[in-house]
Amino acid sequence: MDEAACREALERLRWPEGPVCPHCGAAGYVISKVGGKSHRPGLYLCSECRGQFTATVGTPLEGSKLPLGKWIHTAHLLNSHKLVSVREVESALGVTYKTAWHTVQKLLRGVQDYRGPLPKFGKTVQDYIEPRLPKTRNTLTYWKCQQARKRAGTYKAPRVPVASGTLSLLRFTPPATQAHVERTERFLIWILRDPERSNEH
Ligand SMILES: [Zn+2]
């Protein structure tokens with residue numbers, strides 16, 4: 001996958017209304033793109049706080065040497081309908097087992113409170129994530145509880161990110177279904193907008 005296109009997609013997922021400074025929260029005309037070959041690609045400057053940032057600052061992708069395309073690819077694999085093991089991520093990405101392991105772990109740490117459609121995980125990864133998920137999820141009891149809450153008017157809909165089709169502009173190999181790409185997109189939105197979420201509480 002083309003790295004520039006991947007960066008653009010991640011920027012759009014994180015900031016649908018244009019870049020926002022992760023240091024001071026400023027947006028709009030005070031944010032400018034830093035060009036030139038001597039700078040990191042995707043670098044922005046905030047004239048409000050003089051801070052610099054990229055779309056990955058404050059996310060699990062921050063400071064990673066792994067190409068953004070491989071991050072997206074990993075998220076995509078984790079959102080397959082079948083179980084995915086770290087070994088499979090390793091061979092699909094063409095990286096070492098250690099890199100694959102860390103990439104998966106970092107992404108999963110970001111989904112601890114994810115309430116969207118959940119990715120399926122291979123055994124090792126499942127061991128990590130499972131204790132953190134509500135056990136009653138997707139059971140009949142859970143559904144009945146939900147119905148009761150709806151009737152009582154105390155039901156709160158899960159805050160699930162909405163996919164806007166940004167990732168469908170990228171070319172996945174092998175070609176993926178639209179539903180799969182949308183799952184990946186919602187998952188990535190959740191991961192990338194984490195700093196924003198923590199401000200809400
Ligand atoms: Zn700033």
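Counting starts at 1 for both ligands and their atoms, in listed order. Both backbone and side-chain heavy atoms feed into the values below; hydrogens, waters and symmetry mates do not.
Using cut-offs of 30° and 60° for the angle between ring planes, the H76 and F172 rings count as parallel.
The distance from atom CZ of F187 to atom OG1 of T74, rounded to the nearest 0.5 Å, is 9.5 Å. Distance check: L188 CG to R183 CZ gives 13.0 Å after rounding to the nearest 0.5 Å.
Under 4.0 Å is where a charged nitrogen must lie from a carboxylate oxygen, and between E8 and R12 at least one such pair does.
Inspection of the environment of the Zn ion (ligand 1) yields the following protein N, O or S atoms under 2.8 Å: C21 SG, C24 SG, C46 SG, C49 SG.
No chain of hydrophobic side-chain contacts below 4.5 Å, direct or via other Ile, Leu, Val, Met, Phe, Trp or Tyr residues, connects W15 to V34.
Checked by atom type, the side-chain pair E88/S85 shows a donor-acceptor distance below 3.5 Å.
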